[in-house]
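The sequence lines fix the lettering, A, B, ..., with proteins before strands; numbering per chain opens at 1.
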Amino acid sequence: MNFKQIEKKWQGRWAESGIYKADIKSKKALENKHYVLEMFAYPSGATLHWGHYFNYMLSDSYARFRGMAKNQNIEPSKQTADLKSQTNKTTTSKTPADAPTADLKNQTTKTTTSKTQPNTTAELKSQSNKLTTSKTPADAPSVFHPMGFDSFGLPAENYAIKNNVHPRVTTNRNIELAKKQIDEMGLSIDWEYEIITSEPDYYKWTQWLFLQLYKHNLAYRKEAPVNWCESCATVLANEQVVSGACERCESDVSKKNLTQWFFKITDYAEELLTGLDDKKYNLDWPEKTKLMQRNWIGKSEGVELEFKVCLVDSGDSGDSGTGSAKETKAVRATNSSAQTIKVFTTRIDTITGVNALILAPEHEMVAGLVSEKQKAEVVKYLEQTAKLSEIDRQDTSKEKTGVFIGAYALNPYNNIRVPIYIADYILAGYGTGAVMSVPEQDERDKAFAKKFNLSVPKVESVDTSKLGVKKINYRLRDWLVSRQRYWGTPIPIVYCDLCGIVPLSEKDLPVLLPDDVEFKAGTNPLENSDTFKNTTCPKCKKSAKRETDTLDTFVCSSWYFLRYPSAKNNKAPFCKTLTNKLLPVDVYVGGAEHAVMHLLYARFITKALRDMGHLNFGEPFKRLIHQGIILGSDGNKMSKSKNNFIPPQILLDKYGADVFRLNLMFAYDFTVGGAVAESGLSAMSKFLEKIERLVNMVADVAETNTADKVGAKASTVTDKAAEKELNFERHRVIDAVTKDIPNFAFNTSIARMFEIINTINKHKDKVSAGLLKDTVTDLVVMLAPLTPHFAEEMWERLQVNQAKGGARQTKGGTKQAKSSKQQSKDLGSEIWDKKNSVHAQTFPLADKAALVKDETELAVQVNNKIKGKIIVSTSATKEEIKQSALALVAPEIKEADVKNVIVIPNRLVNIVV
RNA sequence: GCGGACGUGGCGGAAUGGCAGACGCACCAGACUUAGAAUCUGGCGGGAGACCGUGGGGGUUCAAGUCCCCCCGUCCGCACCA
């Protein structure tokens with residue numbers, strides 16, 4: 001089969017017919033919606049990565065399935081690590097509000113209690129029709145599945161510097177390229193809702209977002225030591241610094257004092273933490289990702305207390321800097337000053353073990369406290385520290401360093417005088433930037449005390465309940481959002497000599513990126529653009545300067561999921577009513593690398609907008625799934641330098657999009673990934689060709705319309721047992737696949753399909769053509785989400801042949817017979833109606849009646865060793881099962897020796913002797 | 001160092017505490033074929049066998065790949081957060 005050819009054909013028809021147009025406006029659609037979202041791509045010049053294909057193709061299959069499958073009270077099993085213990089407790093109560101009631105259960109009991117078991121296909125069919133029509137299951141939801149591009153960012157600008165091409169040019173070119181590749185995948189995307197973050201009609205609203213945050217005191221400007229990446233020539237947020245190095249270019253990051261814009265994410269620290277486990281949201285996220293966010297937020301509860309600074313007369317013997325044990329003990333409070341140093345500790349109970357106060361070198365009081373004698377040494381240390389890269393400073397293996405500053409403080413509990421040091425292992429940004437050193441209890445303080453030969457006072461058990469004030473500290477810092485680069489969203493702020501910092505008003509947006517700029521390494525083009533920089537103050541109309549920094553691209557992606565439904569709206573960032581109905585996102589799929597960046601920012605922005613009254617929900621992503629990583633054929637991470645890099649589109653070109661997608665589904669656990677193996681692709685080609693042969697076989701029957709049998713042995717008498725078994729397998733597979741796909745368990749879904757193929761081949765000569773055709777038809781419809789083009793082609797083949805031969809077969813209750821008008825359209829095929837698409841069909845519904853077996857096979861064990869098998873009626877009582885099991889082992893086992901018999905219906909019998 | 005996940009045939013991978021290895025790949029044998037390819041059928045953890053087998057050692061249970069404890073290994077995240 002020429003997969004590439006049929007893919008082209010169907011992609012063309014889909015585009016012409018507008019089959020993927022999303023319905024998100026009708027009342028009905030909004031009442032039963034399902035928002036499926038994949039993290040959008042950065043359009044780099046290179047082709048898309050394996051991760052994109054893996055994510056987009058499989059998420060698309062999920063979305064397609066959701067749009068086809070009725071009766072979706074089949075909810076995904078939760079992915080949390082502690083799931084197993086939870087499941088038993090919660091599943092019964094966890095029926096989603098919009099899910100249909102447990103009709104099926106009632107139906108099943110109804111049919112099983114009725115004594116007459118169906119014997120022929122016709123009976124089976126009529127019964128299944130009754131079942132499915134008597135109570136109509138809920139309709140499949142209206143699926144919203146948009147796509148866009150995260151198109152601001154450094155690579156385009158760096159390329160501009162090197163090759164003198166404007167970032168807009170390369171970006172647009174790259175978007176075209178990426179879109180072409182996405183279209184080749186055959187995704188069910190409605191491009192009407194496309195978002196491109198570097199377009200003014202999008203970044204205008206990113207600027208709006210900035211102004212909202214500014215208005216609500218969540219955006220502010222301050223001077224602070226910030227992370228500076230020399231090679232990217234810009235500052236970075238804490239989240240973008242990975243072990244002291246730049247997340248993007250991996251070069252060392254240093255600290256620089258700069259005035260920068262921050263978003264006050266710390267205001268939401270507590271809610272960002274509690275929201276992860278809040279029953280109200282019931283987030284279905286990987287436990288690992290939740291944990292990473294928890295750790296990143298880093299809540300710790302303790303006490304903040306003040307140490308009075310103790311002035312020292314010059315010539316005081318304590319000014320030696322050693323602050324040895326005997327000395328400190330001897331000196332009690334005599335001459336305390338008004339100054340105090342605040343300290344945060346989680347171990348206030350160790351207050352009696354304090355031997356020193358240690359401040360961060362950057363602590364603001366250092367300059368004021370340092371004694372004349374120590375000044376030179378302190379200055380030298382400060383210089384040394386400033387020179388260290390973050391990577392060196394954070395190296396825990398290096399020896400502790402520090403210096404005595406020539407001042408003392410008084411322990412507020414017992415007034416014992418302790419020396420004050422500065423040391424680079426104390427972080428300026430955490431707590432108060434000062435700690436009480438307790439060497440007996442703290443490893444780091446112990447190392448410090450050892451290095452400087454300080455005393456190690458004993459920690460005594462004392463009442464510390466009245467000391468200091470209770471305080472909660474978070475590791476999370478405010479989000480540094482300004483970047484000294486061109487290719488980003490301009491910050492809508494003007495600096496006026498008279499009015500100060502002036503935000504633009506909404507009507508003046510967007511602040512457009514100027515085109516008359518020069519791209520040079522190490523400089524911000526906006527800084528050198530006079531037309532951009534020089535403006536007038538919105539308040540006083542006098543000349544003023546624009547902010548030349550742009551926003552971190554993570555700001556663009558922190559709200560894009562809100563924009564999709566309103567992508568074309570030029571009056572507001574998003575339509576409040578629509579967004580409140582369509583969101584939160586039901587399933588969000590993307591890489592785990594965003595666990596503490598994008599995913600945290602998006603949650604923060606959602607909460608902030610909610611508090612401003614723009615949204616009525618507090619968490620943007622209900623369910624989160626991370627796709628695994630596709631590795632090189634050697635099992636290592638793919639990289640061009642390692643020579644194990646296989647570009648995905650080479651294999652896609654060779655095998656076609658459907659086979660390619662199928663291989664991604666079958667060869668890996670979606671959340672794990674694994675090594676690329678081409679053998680898997682040819683296996684998938686064979687799989688589809690097998691199905692094609694089955695389709696041709698049953699399509700022929702309808703065409704000739706002569707016999708009710710298929711195959712060479714057409715004369716064989718229909719075998720009722722075989723029919724029953726095939727029908728059982730058919731519905732067992734439907735049932736399993738319907739449960740597996742919502743869990744992204746595509747590998748086992750395909751395994752079930754292999755099984756039904758095997759069963760069909762085993763029984764094809766013994767069963768009626770009608771059942772055979774229905775089974776193959778179900779298989780084709782089940783395949784529609786997984787191989788959209790191939791299923792379409794097979795579906796057409798089935799329909800066309802059916803039309804030629806006349807519509808003889810009534811469908812197994814899941815598909816509608818077509819009018820003769822529609823059939824003639826099929827045959828003409830010039831105008832293809834999207835209603836005739838396999839994707840417009842309902843996913844087969846498992847007929848529970850067909851899943852009832854008369855007999856089951858049980859294993860019989862004696863002391864856990866398998867001794868044999870028995871076949872018992874499904875209606876047999878435990879006692880009857882026990883008796884037949886004992887009968888089986890009677891030759892070996894004496895009745896008197898039997899201590900216990902455990903009967904597990906449908907599984908096994910264990911006889912304990 | 002701290003935290004988390006994982007460890008099952010030659011390979012990818014299946015198994016609500018209940019017959020380990022579903023399904024596929026590779027391999028072997030047979031059918032068809034002059035032959036090959038394709039296709040179809042059968043076999044395929046180890047062992048001649050009793051039996052032994054889910055990284056190793058203990059435990060709970062009638063029953064453990066699955067639950068608990070210790071150890072080893074791999075991967076990931078955080079890393080002086082007081």
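- The shortest distance between the side-chain N/O atoms of A:Tyr668 and the OP1/OP2 oxygens of B:G12 is not below 4.0 Å.
- Dashed line: the shortest gap from a side-chain N or O of A:Asn295 to OP1 or OP2 of B:G77 is not under 4.0 Å.
- Across B:C23, B:C80, B:C19, the shortest atom-to-atom separation from the side chain of A:Glu857 is found for B:C19.
- Straight-line distance between the C1' atoms of B:G57 and B:G13: roughly 28 Å, to the nearest whole Å.
- For the 3.5 Å distance criterion, the side chains of A:Tyr655 and A:Ser685 fail to qualify, holding no donor opposite an acceptor.
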### Query
Step by step, would you call A:Glu270 with A:Lys299 a salt bridge (charged side-chain N to carboxylate O under 4.0 Å, His left out)?
CA-CA 8 Å; A:Glu270 186 62 26; A:Lys299 180 180 183 173; 3.0 Å; yes
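- A:Asn747 comes within 4.0 angstrom of the backbone, heavy atoms only, and of no base.
- Of the side-chain N and O atoms in A:Ser679, none sit less than 4.0 angstrom from OP1 or OP2 of B:G12.
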Protein-proximity profile, nucleotides 41-51 of chain B, B/S/- by nucleotide at the 4.0 Å heavy-atom cutoff, equals -----------
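- Across all strands shown, A:Gly673 has heavy atoms under 4.0 Å from sugar-phosphate atoms exclusively, and none from any base.
- Across all strands shown, nothing is found opposite B:A14 as a Watson-Crick or G-U wobble partner with both distances under 3.5 Å.
- Of the candidate nucleotides B:A82, B:C25, B:C80, B:C80 has the atom nearest to the side chain of A:Lys398.
- Proximity of A:Arg907 to the phosphate of B:U16: no side-chain N or O atom is located under 4.0 Å from OP1 or OP2.
- When distances run from any side-chain atom of A:Phe344 to the nucleotides B:G3, B:C40, B:A82, the shortest one goes to B:A82.
- When heavy atoms are screened at a 4.0 angstrom cut-off, A:Arg693 is found touching the sugar-phosphate backbone but no base atom.
- Of the listed nucleotides (B:G18, B:G4, B:A82), B:G18 has the atom at the smallest distance from the side chain of A:Ile902.
- For residues 902-913 of chain A, the pairs satisfying side-chain hydrogen bond (donor to acceptor under 3.5 Å, both in side chains) are A:Asn864-A:Asn910, with sequence neighbours left out.
- Contacts of A:Leu858 with the nucleic acid, taken as non-hydrogen atoms under 4.0 Å apart, are absent.
- Ring orientation note: the planes of A:Phe666 and A:Phe754 are tilted relative to one another, at an angle of 30° to 60°.
- Remark: B:U39 base-pairs with B:A31. Criterion, Watson-Crick or G-U wobble with two distances under 3.5 Å.
- For A:Lys899 and B:C62, a side-chain-to-base donor-acceptor distance below 3.5 Å is absent, hydrogens and geometry of angles not being considered.
- Base engagement by A:Ile904 is indicated by at least one non-hydrogen atom pair under 4.0 Å involving a base atom.
- Taking a pair to require two hydrogen-bonding distances under 3.5 Å in either a Watson-Crick or a G-U wobble arrangement, B:G21 remains unpaired.
- When distances are taken from the side chain of A:Lys686 to each of B:G4, B:U39, B:A22, the shortest belongs to B:U39.
- Between A:Tyr668 and A:Phe746, a ring centre-to-centre spacing not shorter than 6.0 Å is recorded.
- Out of B:C80, B:C23, B:G77, the shortest distance to the side chain of A:Tyr425 is found at B:C80.
- Within 4.0 Å (heavy atoms only), A:Phe666 reaches at least one base atom of the nucleic acid.
- Counting only heavy atoms from C-beta on, A:Asp424 has its side chain closest to B:C80 among B:A82, B:C80, B:G24.
- Pair assignment for B:G7 gives B:C72, based on Watson-Crick or G-U wobble hydrogen-bonding distances that are each under 3.5 Å.
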task = Show your reasoning for whether side-chain contact (heavy atoms from CB on, under 4.5 Å) applies to A:Leu276 and A:Arg294.
result = CA-CA 8 Å; A:Leu276 294 171; A:Arg294 268 182 225 120; 4.0 Å; yes
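- In this view, A:Glu443 and A:Lys446 satisfy the salt bridge (charged side-chain N to carboxylate O under 4.0 Å, His left out) rule, not counting sequence neighbours.
- When each of B:C78, B:C76, B:G18 is scored by its nearest atom to the side-chain atoms of A:Val242, the top-ranked nucleotide is B:C78.
- Backbone-only engagement by A:Ala667 is indicated by non-hydrogen atom pairs under 4.0 Å involving sugar-phosphate atoms exclusively.
- In this structure a side-chain-to-backbone donor-acceptor pair under 3.5 Å is present from A:Arg393 to A:Asp424.
- Residue A:Arg475 has a polar side-chain atom (N or O) positioned under 4.0 Å from OP1 or OP2 of B:A79.
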